Amino acid sequence: MIKISIQREDFDIGREIALLRSEHKSVGAIVSFTGLVRDSSHGEPLITMTLEHYPGMTEREIMRIAENAHQRWNLDGLTVVHRIGELHPSEQIVLVLAASKHRNEAFEAAQFLMDYLKVRAPFWKMEKRATGEHWVDARSSDSDAAARWER
Amino acid sequence: MIKISIQREDFDIGREIALLRSEHKSVGAIVSFTGLVRDSSHGEPLITMTLEHYPGMTEREIMRIAENAHQRWNLDGLTVVHRIGELHPSEQIVLVLAASKHRNEAFEAAQFLMDYLKVRAPFWKMEKRATGEHWVDARSSDSDAAARWER
Amino acid sequence: MKLLYFAWLRQHIGRNEETLDVPDSIATVAQLIDWLIERGEGYRAAFADGTRVRVAINQHHVDRDARVRKFDEVAFFPPVTGG
Amino acid sequence: MKLLYFAWLRQHIGRNEETLDVPDSIATVAQLIDWLIERGEGYRAAFADGTRVRVAINQHHVDRDARVRKFDEVAFFPPVTGG
């Protein structure tokens with residue numbers, strides 16, 4: 001059970017967990033990650049953050065990551081919801097849910113999904129601040145986080 | 001911001017996240033762990049699971065773990081909700097939330113909290129199955145999980 | 001001394017708490033357990049497998065060599081299984 | 001060949017996609033980029049720092065030495081920043 005949704009609308013974590021659980025009765029552990037728009041960047045207040053993506057490739061790339069996670073861990077379900085379009089400070093950007101019988105598998109799978117999503121899924125963030133519009137730079141710490149799963 | 005609640009009533013993850021976020025505007029990442037009652041145990045269907053605890057010590061012990069987590073990681077908030085009393089299969093048992101600016105700190109703090117809660121917080125589970133009432137045995141894998149943070 | 005019992009220790013002993021006059025000669029947790037075992041069958045059953053019994057003094061986990069004092073709250077319980 | 005541009009590559013080139021007749025002599029991603037740079041200032045600016053440009057063929061991440069074919073969909077974009 002892999003659910004992937006790229007959407008403009010906000011998401012409701014309680015509803016997503018209920019959906020995931022409705023498909024699998026014996027889930028013992030669910031780990032979630034929620035990413036939010038921060039209120040400042042480079043020392044300036046953030047006005048908006050706009051997310052652009054590559055339709056089609058985004059879903060396929062996330063599916064490849066999710067299938068990889070399913071091979072590595074014993075999972076009862078995975079959900080990835082990622083928003084696109086214009087977002088404001090403190091809005092939700094991304095939700096990852098990993099369900100398993102065992103908590104460590106759920107923790108690792110959720111972390112794996114986020115680490116790879118950050119470096120593989122074709123999304124780009126543009127920040128609007130007082131000084132203008134700025135594309136967000138990729139961080140080497142994100143590449144390092146993904147690389148540790150290849151050890 | 002540490003919130004600890006030991007309660008009979010169910011909890012709502014959406015509401016707990018909203019409460020945690022209302023106290024801290026610049027949260028970038030929230031990791032949650034939800035533990036659920038499974039539907040079977042030792043190959044038998046589970047009828048109920050009853051949670052007993054040591055009032056007073058439970059809250060203090062969880063507070064010690066949470067303060068320890070605050071010292072190790074840069075956190076914007078921690079929430080622990082643990083239910084007691086009689087629960088049925090697929091009911092929620094425990095919720096841990098960790099909020100941080102950085103996703104890895106939130107992931108690690110949530111995992112740390114669960115690992116220590118499992119071996120330090122004075123709760124005991126009794127399962128009712130067709131064959132009678134059985135106290136749940138502690139698992140050595142839980143001690144191992146907590147021990148790795150001491151390396 | 002206030003004594004608390006949880007889970008199957010409570011079931012063996014037949015109560016969840018009691019206040020006992022413990023002799024001055026009882027200085028450690030280990031000595032307290034040996035003294036309790038002499039009080040009857042329920043205690044003997046509860047403490048039969050000492051490796052399965054954990055102890056807290058005043059709501060802190062302690063080892064068998066921890067000192068006990070007259071006005072302490074001492075709790076006995078199995079390894080915890082929450083979460 | 002269908003070419004897609006995202007983020008600041010799109011802004012430099014002034015469009016998000018185009019279909020171009022690419023000469024048969026263009027066999028790899030690296031050659032395709034060199035050929036595009038000759039098409040004008042916007043392309044030159046987009047590909048000025050080659051280390052900051054990533055490439056996908058038919059929605060799979062590829063390296064500079066990957067082969068390109070006439071009916072491929074080739075996308076150019078900066079390192080991704082989702083999540």
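In the text below, chain A, chain B and the rest are named by the order of the sequence lines, each starting its count at 1. Computed from a predicted structure; not experimentally measured.
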Can you see which heavy atom on B/R103 is nearest to which on A/A145, and at what distance? NH2-CB, 3.8 Å

If one checks every heavy atom of A/A110 against chain B at 4.5 Å, the contacting part turns out to be both

Using a cut-off of under 4.5 Å for heavy-atom pairs, which of B/M114, B/R38, B/K118, B/Q111 has the most such pairs with chain A? B/Q111

Between B/S90, B/A106, B/S40, B/G35, which shows the greatest number of heavy-atom pairs under 4.5 Å with chain A? B/S90

Considering heavy atoms only, which positions within residues 11-23 of chain A lie below 4.5 Å of chain B? A/I13, A/G14, A/I17, A/R21

Test ring-ring contact (aromatic ring centres under 6.0 Å, His included) applied to A/F107 and B/F112, B/F33, B/F107, the passing residue: B/F33

Contact winner vs chain B - A/P89, A/S141, A/G28, A/A99, heavy-atom pairs under 4.5 Å: A/G28

Which atoms of B/H102 are under 4.5 Å from chain A, going by heavy atoms: the side chain, the backbone, both sets, or neither? side chain

